[in-house]
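Reading through the structure tokens given below for one structure.
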Protein chains: 2
Amino acid sequence: MSKQPAPLVAIDLNAATSCCAPLTQRRVPAQAAAALAAAFKALGDPVRLQLMSMIASAEGGEACVCDLTPAFDLTGPTISHHLRTLREAGLVDAERRGTWVYYRARPGVLRQLASLLAVEPAGS
Amino acid sequence: MSKQPAPLVAIDLNAATSCCAPLTQRRVPAQAAAALAAAFKALGDPVRLQLMSMIASAEGGEACVCDLTPAFDLTGPTISHHLRTLREAGLVDAERRGTWVYYRARPGVLRQLASLLAVEPAGS
DNA sequence: TCTCTGATTTGACAGGCGTCGAGACAGGCT
DNA sequence: AGCCTGTCTCGACGCCTGTCAAATCAGAGA
């Protein structure tokens, strides 16, 4: 990237501050819904979901693009495009070290999404 | 619906049986990723996320379309389309009672998605 | 039976998205 | 400098998707 290693588009997940209330307990406000839906949308593709999983479960918590790309029957630009989508959704961070670029998961957002989907085991 | 009250398309979430392993722990297999991504995709729209939340948090665990529709600046057919998407993703169930149709959340799928996104609080 | 209301389906349109090839950029090596 | 490898950007191509208006279906009631 020619600008910064930070997320290109700052998804306003702060607008979703009250997000941690589970779906099943309180109606999600429109503004929070927009931010949260963007994150779910990023996960709503099989390739991106696998990429996210490979990055998050990688040793050291980070994965090199050079390891990610050969795991799919897709071209480099396509993988790069999906990684950018994940980055713009705030789900991962990218860092260039020498020749290679490493991606790392952002656990905070994952936690927000998980708690949003939380279902209390029993009734009410 | 003119067929059954059951989900129109049987999303193979059983292929995601091993899904409950968090993203951060094990790489999601391609087959499971396809099923799970379909569910995330359904949540990846602000309107559907709000619908899902309104249904899941409704009193009695169900919501009438007649209560859902006026909450948005959208036409009836559009809301109906989004509800169908949620239904086909296995996230909600629909039941007609007299004139009105009621939607109800399926907690099982929500739980699967939540556990997939779970992040262990500390390191390993 | 006829009509009315609620909900869905159908058909159509614009915009978004996944994919690729070609080209550009970044860094390391000789 | 020049080249090579890894990664990203750009432009283009279909397909998918969100939206609406119009038509249709499902029940309830007169």
Side-chain angles (χ1 to χ4, degrees), chain A residues 1-9 30 33-34 37-52 55 62-89 92-104, chain B residues 1-9 30 33-34 37-52 55 62-89 92-104:
Chain A
M1 58 230 74
S2 57
K3 304 180 178 181
Q4 306 110 6
L8 296 180
V9 169
F40 283 127
K41 191 178 190 178
L43 295 176
D45 179 278
V47 174
R48 284 197 294 269
L49 192 57
Q50 288 182 80
L51 282 171
M52 190 69 208
I55 294 168
E62 64 182 10
C64 173
V65 176
C66 59
D67 292 329
L68 264 20
T69 303
F72 302 87
D73 281 338
L74 293 171
T75 64
T78 299
I79 298 297
S80 191
H81 161 70
H82 284 305
L83 288 172
R84 181 221 275 261
T85 301
L86 289 174
R87 214 183 330 138
E88 292 180 347
V92 299
D93 261 342
E95 182 193 358
R96 168 160 234 135
R97 283 206 299 277
T99 304
W100 294 278
V101 177
Y102 294 89
Y103 281 78
R104 179 177 292 273
Chain B
M1 60 225 77
S2 57
K3 304 179 178 183
Q4 304 110 7
L8 296 180
V9 169
F40 283 126
K41 189 177 189 178
L43 295 176
D45 180 279
V47 173
R48 285 196 295 268
L49 192 57
Q50 288 181 82
L51 282 171
M52 190 69 208
I55 293 168
E62 64 181 11
C64 173
V65 175
C66 60
D67 291 329
L68 263 22
T69 303
F72 301 88
D73 281 339
L74 294 171
T75 64
T78 298
I79 298 297
S80 191
H81 160 71
H82 284 305
L83 289 171
R84 182 222 274 261
T85 300
L86 289 174
R87 215 184 329 138
E88 292 182 346
V92 299
D93 261 341
E95 182 192 358
R96 167 158 234 135
R97 284 207 297 278
T99 306
W100 295 278
V101 176
Y102 294 87
Y103 281 79
R104 180 176 292 272

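Chain letters run A, B, ... following the sequence lines, proteins first, then strands; residues in each count from 1. On a predicted model such as this, the values are computed, not experimentally measured, just so you know.
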To the nearest 0.5 Å, atom CZ of R48(A) lies from atom NZ of K41(A) at 9.0 Å
Point-to-point distance, once rounded to the nearest 0.5 Å, from CH2 of W100(B) to CD of E95(B): 14.5 Å
Of the listed nucleotides [options], the one nearest the side chain of [X]:
X      : options                   : value
C66(B) : dC20(D), dG6(C), dT7(D)   : dG6(C)
P77(A) : dG18(D), dC8(D), dA7(C)   : dC8(D)
T99(B) : dT19(D), dA28(D), dG16(C) : dA28(D)
D45(B) : dT7(D), dG18(D), dT8(C)   : dG18(D)
R48(A) : dC16(D), dA7(C), dG18(C)  : dG18(C)
R87(B) : dC20(D), dT8(C), dA7(C)   : dT8(C)
R96(A) : dG16(C), dT7(D), dG18(C)  : dT7(D)
K41(B) : dC16(D), dT19(C), dC20(D) : dC16(D)

Reckon [X] touches a base, only the sugar-phosphate, or nothing at all at heavy-atom distances under 4.0 Å?
X      : value
H82(A) : sugar-phosphate
G76(A) : nothing
L74(B) : sugar-phosphate
R97(A) : nothing

Of all the heavy-atom pairs spanning A37(A) and P46(B), show the shortest one and how long it is. CB-N, 3.5 Å
Please confirm whether the shortest side-chain N or O distance from S80(A) to OP1 or OP2 of dT7(D) is below 4.0 Å. no
For dC8(D), does either OP1 or OP2 sit under 4.0 Å from a side-chain N or O belonging to Y103(A)? yes
Using whole Å, what does the distance between atom [atom2] of nucleotide [N] and atom [atom1] of [X] come to?
X       : N       : atom1 : atom2 : value
F72(A)  : dG18(C) : CZ    : C1'   : 14 Å
W100(A) : dG27(C) : CH2   : P     : 13 Å
H81(B)  : dA21(D) : NE2   : P     : 16 Å
I79(B)  : dG6(C)  : CD1   : P     : 16 Å
E95(B)  : dG6(C)  : CD    : P     : 19 Å
R84(A)  : dG18(C) : CZ    : C1'   : 14 Å
L83(B)  : dT19(D) : CG    : P     : 12 Å
Y102(A) : dA26(C) : OH    : P     : 19 Å

Taking only distance into account, with no hydrogens and no angle test, what donor-acceptor pairs under 3.5 Å do side-chain atoms of residues 70-81 of chain B form with protein atoms, sequence neighbours excluded?
{"residue": "T75(B)", "atom": "OG1", "partner": "T78(B)", "partner atom": "OG1", "Å": "3.1"}

Is I55(B) close to E62(B) at the side-chain level, that is, under 4.5 Å between some pair of heavy atoms? no
Yes or no on side chain to side chain contact (heavy atoms under 4.5 Å, CB included) for R97(A) and Y102(A), after CA distance, side-chain angles and deciding distance? CA-CA 7 Å; R97(A) 283 206 299 277; Y102(A) 294 89; 3.6 Å; yes
